[in-house]
Amino acid sequence: MTQIDRALRSNIKLRHLQLLVALDQFRHLGRTAEFLSVSQPAVSKMLSEVESMLELTLFDRSTRGTEPTSSGQALIRFARSVLAEYERTRDEIAAVASGAAGRTRVGAMVVAMPVLLAGAVKLLKQRSTLATVLVEEGDLTRLLPRLRMGELDLFVGRLEPGYAAPDLVTEALFDEPMVAVVKHGHALMRRKKPGWNDLAGMPCVLPPPWASLRVKLEQTFFRHGLNPPSDIIETSSFLALSTFVQQRDAAGFLARSVALHFQREGLFDVLAIEVPIELPPIGLITVRGRRLTPSSEQLMACLRLTAESIRQSDPQAKARKPATRRQRTA
């Protein structure tokens with residue numbers, strides 16, 4: 001353990017950490033060498049240097065490529081965290097030197113993208129045109145690990161209770177119901193009272209089977225004495241939902257503010273069908289104890305202001321009590 005401690009404190013260099021992350025990404029010496037613009041022997045030599053320093057085998061080599069060992073996986077997590085902090089510090093220093101407002105990296109679910117996050121970024125840009133926002137779309141399963149690694153500064157989306165943990169700080173902004181949507185001009189819009197029986201008999205775009213929303217939607221069909229639709233597409237992608245709603249005359253389910261936004265754009269029509277599903281609030285997640293850049297702090301302030309305007313414009317987007325604004329997840 002003394003040897004590992006000495007190596008981590010004194011001998012491991014940034015290029016070694018970059019190598020480990022690249023090897024984990026490509027799992028192949030040749031492709032890693034190409035990515036790093038060095039020769040394959042140079043990659044092999046550098047990896048051997050790190051393993052010799054630590055007196056550990058970090059990657060198993062075979063004709064099929066490279067695979068991290070358990071020790072390698074631990075060091076890769078460390079490398080990703082250090083490199084993320086390095087990039088954050090580099091960007092912050094560069095922003096101060098150039099007079100810019102800096103850079104923030106956001107992981108966002110579809111539910112937050114077109115209204116909440118877009119409105120907040122607009123406010124941020126009004127305050128500082130030079131502020132840079134990197135946005136990565138995805139769900140909690142993909143984005144939370146990146147948040148914990150430091151590759152993202154904050155997450156905005158639904159605060160699913162199943163992902164709560166002591167190392168995360170949540171801030172609930174507002175509650176928002178789901179609605180059913182069809183493409184603009186769909187024949188179903190001409191019915192006075194469309195119902196769940198109409199949805200059960202038509203193509204539908206539903207969340208993946210593992211999503212809590214999928215289970216709740218299927219339970220709603222059952223409560224109406226109906227089987228869930230059999231002609232379905234399963235996706236968590238907004239682009240896929242939009243494509244199949246348009247091309248297959250399907251119905252889909254979206255957060256109300258998102259659906260209303262795209263109804264105004266002429267993309268969807270919102271069906272007059274109540275979707276009585278209780279969902280987690282829309283909000284923010286950050287990592288407890290991690291220092292945020294000034295740009296990230298500004299964006300969070302803009303997200304709060306935008307959430308307030310959403311609540312004021314749509315009575316169904318209920319406000320959360322201030323007491324739950326910043327809380328420890330447990």
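- Atom-to-atom distance recorded for Leu254:CG and Glu176:CD is 10.0 Å, nearest 0.5 angstrom.
- Here the closest heavy-atom approach between residue Ala259 and residue Val270 is recorded as CB-CG2, 3.9 Å.
- Contact annotation: the side chain of Ile232 approaches that of Arg214 to within less than 4.5 Å [non-hydrogen atoms, C-beta and beyond].
- Remark: the Thr293 side chain and the Ser296 side chain contain an N/O donor-acceptor pair separated by less than 3.5 Å.
- The hydrophobic cluster containing Leu147 does not contain Met149, counting ILVMFWY residues as joined when their side-chain heavy atoms lie under 4.5 angstrom apart, directly or transitively.
- Within the 3.5 Å criterion, the main-chain N or O of Arg77 finds no donor-acceptor partner in the side chain of Ser81.
- Checking side-chain atoms of Arg105 against main-chain N and O of Gly150 turns up a donor-acceptor pair under 3.5 Å.
- Expressed to the nearest 0.5 Å, how far CD1 of Ile76 lies from CG of Leu17 amounts to 11.0 Å.
- Environment of CD in Gln263: crowded, with over 12 heavy atoms of neighbouring residues, nucleotides or ligands closer than 6.0 Å.
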TODO: Let me see the working for Val181 and Phe253 under side chain to side chain contact (heavy atoms under 4.5 Å, CB included), right down to the final yes or no.
DONE: CA-CA 6 Å; Val181 299; Phe253 296 88; over 6 Å; no
TODO: Could you give me the CA-CA distance, side-chain angles and deciding distance for Ile285 and Leu154, then say whether side chain to side chain contact (heavy atoms under 4.5 Å, CB included) is met?
DONE: CA-CA 6 Å; Ile285 301 178; Leu154 65 139; over 6 Å; no
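- Leu144 CG to Leu152 CG: the interatomic distance, rounded to the nearest 0.5 Å, is 9.5 Å.
- Expressed to the nearest 0.5 Å, how far CZ of Arg256 lies from CG of Asp175 amounts to 14.0 Å.
- Here the side chain of Thr57 pairs no donor or acceptor atom with the backbone of Phe59 at under 3.5 angstrom.
- Residue-environment remark: NE2 (His184) stays at or below the threshold of 12 foreign heavy atoms within 6.0 Å.
- In this structure, Arg142 pairs ionically with Glu136, as a charged nitrogen and a carboxylate oxygen lie closer than 4.0 Å.
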- [ ] Take Val50 and Leu75 through the test side chain to side chain contact (heavy atoms under 4.5 Å, CB included) and record every step on the way to the result.
- [x] CA-CA 11 Å; Val50 180; Leu75 196 59; 4.3 Å; yes
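- Relative orientation of the Phe262 and Phe268 rings is perpendicular, given thresholds of 30° and 60° on the angle between their planes.
- Judged by distance alone, the side chain of Arg158 and the main-chain N or O of Pro281 form no donor-acceptor pair under 3.5 Å.
- Nearest heavy atoms, Ser257 versus Ile310: CB-CG2, 4.5 Å.
- Remark: Glu67 does not engage Arg61 in a salt bridge, criterion side-chain N to carboxylate O under 4.0 Å.
- Here the closest heavy-atom approach between residue Glu137 and residue Phe238 is recorded as OE2-N, 4.2 Å.
- Checking Ser295 against Thr104 by side-chain atom types alone, no donor-acceptor pair falls below 3.5 Å.
- A donor-acceptor contact shorter than 3.5 Å links the side chain of His28 to the backbone of Arg31.
- Leu260 and Ile282 fall into different hydrophobic clusters, where Ile, Leu, Val, Met, Phe, Trp and Tyr residues are linked whenever their side-chain heavy atoms come under 4.5 Å apart, directly or through other members.
- The shortest non-hydrogen separation linking Gly157 to Val111 is CA-CG1, 4.1 Å.
- The shortest distance between side-chain heavy atoms of Asn227 and Phe222 falls below 4.5 Å.
- One distance of note links OG1 of Thr170 with CG of Leu159; it measures 5.5 Å at 0.5 Å rounding.
- Checking each of His224, Glu218, Arg223 against Thr220 for a side-chain hydrogen bond (donor to acceptor under 3.5 Å, both in side chains) leaves exactly one that passes, namely Arg223.
- Of all the heavy atoms in Gly185 and Asp269, the pair that sits closest is N-OD2, 2.9 Å.
- Both Leu206 and Leu199 sit in one connected hydrophobic cluster of ILVMFWY residues. Membership requires side-chain heavy atoms under 4.5 Å apart, directly or through other members.
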Task: Derivation of the side chain to side chain contact (heavy atoms under 4.5 Å, CB included) call for Val106 and Leu134 - done: CA-CA 6 Å; Val106 187; Leu134 183 152; over 6 Å; no
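- Leu19 is not listed as a side-chain neighbour of His16, based on a closest heavy-atom distance of 4.5 Å or more.
- Enclosure of atom CD in Glu278 is not indicated, since only 12 or fewer non-hydrogen atoms of other residues, nucleotides or ligands lie within 6.0 angstrom.
- Around CZ of Arg15, the count of heavy atoms belonging to other residues, nucleotides or ligands within 6.0 Å exceeds 12.
- Salt bridge Asp153/Arg290: absent, no basic N to carboxylate O contact under 4.0 Å.
- Ile12 and Val82 fall within the same hydrophobic cluster, where Ile, Leu, Val, Met, Phe, Trp and Tyr residues are linked whenever their side-chain heavy atoms come under 4.5 Å apart, directly or through other members.
- Of all heavy-atom pairs spanning Gly107 and Leu143, the tightest one is C-CD1, 3.7 Å.
- Using a cut-off of 4.0 Å between Lys/Arg side-chain N and Asp/Glu carboxylate O, Arg80 and Glu151 are scored as salt-bridged.
- Looking only at side-chain heavy atoms (C-beta outward), Arg304 and Glu171 come within less than 4.5 Å of each other.
- Put simply, OG on Ser44 and CD on Glu49 are 11.5 Å apart, with the number rounded to the nearest 0.5 Å.
- Contact check for Asp231 versus Cys204: no side-chain heavy atoms found under the 4.5 Å cut-off.
- For Thr306 (side chain) and Ala120 (main-chain N/O), a donor-acceptor pair under 3.5 Å exists by modelled atom type.
- Side-chain contact check for Val245 versus Thr243: every heavy-atom pair is 4.5 Å or farther apart.
- Counting heavy atoms from C-beta outward, Met300 and Leu284 have side chains that approach closer than 4.5 Å.
- When side chains are defined from C-beta on, Arg27 counts as touching Pro68, because their heavy atoms get closer than 4.5 Å.
- Salt bridge Arg288/Asp167: absent, no basic N to carboxylate O contact under 4.0 Å.
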